[in-house]
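The figures that follow rest on heavy atoms only: side chains count, while hydrogens, waters and symmetry mates do not.
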Amino acid sequence: MRRYGPAVLLALVGAAILRVSAFSELYLRYVQPGLRPCLVVSGVLLVLLGVVVAVLTRTAGKQDHYDDLDQDLDDQDHYDDLDQDLDDQDHSHGHDHGPVGPRVAWLLTLPALALLLFPPPALGSYSAQREADQRAAQGVGSFPALPSGDPVDLTLGEFGSRAVYDSDRSLRGRTIRLTGFVTRDDDGTWYVTRLLVACCAADATTARAEVRGADAPPVDTWVTVTGTWRPEGALGSDAAWPPVVDAASVRQVAQPDNPYEKR
């Protein structure tokens with residue numbers, strides 16, 4: 001059975017990829033929606049490759065079996081024991097032929113099984129807190145006008161950019177609505193937070209807004225915060241970051257299918 005290890009491993013990894021990309025929306029925890037076709041194709045190819053490896057391994061095993069039979073028939077000294085030898089070969093050929101490798105190699109199936117059965121969650125507060133508030137120097141300037149009507153739904157990324165860099169102060173006097181998960185500092189300050197990705201979860205950066213005027217929900221809870229922007233510090237300065245929102249309401253919501261914002 002060990003000789004089929006590579007085939008089983010390939011099939012498991014392919015099945016795990018297909019589970020999160022072709023049969024569910026779980027892939028959105030790790031990559032952008034545009035990469036879904038690549039994941040599906042990769043999963044299908046890995047499953048097919050596993051099948052091909054299994055077939056080739058089985059064919060090679062049968063050929064080894066026939067070669068051993070020919071050797072036994074040519075060995076006249078053991079002709080009387082041929083039936084017993086054949087029985088022994090039937091018992092042992094599944095174990096002795098082919099690239100069996102060390103048994104510890106089967107441990108490689110554990111990560112594939114874990115991904116197949118227990119897909120890891122999206123990045124959350126721990127990843128956000130590790131982000132050291134590093135921001136690109138966008139420079140102060142004007143932004144396009146916000147749509148009319150309140151409240152205005154904004155991403156955390158856009159809200160942060162406008163709050164810190166918008167020379168027209170387009171957020172002033174507007175009611176905004178932000179959706180993200182809860183993070184907290186040791187001093188009790190809490191934020192509505194979102195992770196921004198360009199390609200996949202590995203390149204995630206943090207966008208967040210400090211929430212004042214409302215009690216903090218549990219960390220990692222997804223919420224929608226409705227309120228108004230409170231200006232802090234000079235434009236483009238460290239004092240302006242993170243931006244502050246005075247909350248009029250905080251409502252718990254379900255995690256969206258795509259928990260990330262596009263950077």
Give a yes or no on whether Asp187 atom CG has more than 12 heavy-atom contacts from other residues, nucleotides or ligands under 6.0 Å away. yes
Do Leu18 and Val40 have side-chain heavy atoms sitting under 4.5 Å apart? yes
A side-chain contact here means heavy atoms from C-beta on lying under 4.5 Å apart; do Trp222 and Pro217 qualify? no
Between Trp190 and the options Val211, Asp185, Thr183, the side chain to side chain contact (heavy atoms under 4.5 Å, CB included) test singles out Val211
Please tell me whether Val225 and Tyr191 are part of a single hydrophobic cluster in this structure, the criterion being side-chain heavy atoms less than 4.5 Å apart. no
Can you sort out the partners of Glu232 under side-chain contact (heavy atoms from CB on, under 4.5 Å), two or more places apart, ordered by chain and number? Arg212, Arg230, Val244
Can you name the closest pair of heavy atoms from Arg169 and Gly233 and give their distance? NH2-O, 4.1 Å
Report yes if the side chains of Val182 and Pro218 come closer than 4.5 Å at any heavy-atom pair, otherwise no. no
Heavy-atom donor-acceptor pair, Glu261 side chain to Leu156 backbone, under 3.5 Å: yes
Go through Leu154 and Leu178 one step at a time and tell me if the side chain to side chain contact (heavy atoms under 4.5 Å, CB included) criterion holds. CA-CA 6 Å; Leu154 293 177; Leu178 308 170; 4.0 Å; yes
With sequence neighbours left out, what residues match Asp153 under side-chain contact (heavy atoms from CB on, under 4.5 Å)? Arg177
hydrophobic_cluster_shared for Leu45 and Leu56, side chain cutoff 4.5 Å: no
So which atom in Ala207 and which in Leu196 form the shortest heavy-atom distance, rounded to 0.1 Å? CB-CD1, 3.2 Å
Set out, in order, the CA-CA distance, both residues' side-chain angles and the distance that settles side chain to side chain contact (heavy atoms under 4.5 Å, CB included) for Asp166 and Leu171, then state yes or no. CA-CA 9 Å; Asp166 186 7; Leu171 294 173; 5.8 Å; no
What's the verdict on side chain to side chain contact (heavy atoms under 4.5 Å, CB included) for Thr155 and Arg194, showing C-alpha distance, side-chain angles and the deciding distance? CA-CA 8 Å; Thr155 64; Arg194 206 74 178 257; over 6 Å; no
Considering residues at least two apart in sequence or located in another chain, which fulfil the side-chain hydrogen bond (donor to acceptor under 3.5 Å, both in side chains) criterion with Arg162? Glu158, Ser170
Is any side-chain heavy atom of Phe181 closer than 4.5 Å to a side-chain heavy atom of Leu195? yes
List in chain and number order the residues that pass side-chain contact (heavy atoms from CB on, under 4.5 Å) with Ala234, two or more places apart in sequence or in another chain; answer none if no residue qualifies. Ser237
Can you name the residues that form a side-chain contact (heavy atoms from CB on, under 4.5 Å) with Leu46, not counting sequence neighbours? Leu10, Val13, Ile17
Indicate, with yes or no, if Val44 and Val47 share a hydrophobic cluster defined by side-chain heavy-atom contacts under 4.5 Å among Ile, Leu, Val, Met, Phe, Trp and Tyr. yes
The criterion is salt bridge (Lys or Arg N to Asp or Glu O under 4.0 Å); which residues satisfy it with Asp168, sequence neighbours excluded? none
Determine yes or no for a side-chain-to-main-chain donor-acceptor pair under 3.5 angstrom, with Arg174 supplying the side chain and Asp150 the backbone. no
Look only at the side chain of Trp229 and the backbone of Ile176, and say whether a donor-acceptor pair between them is shorter than 3.5 Å. no
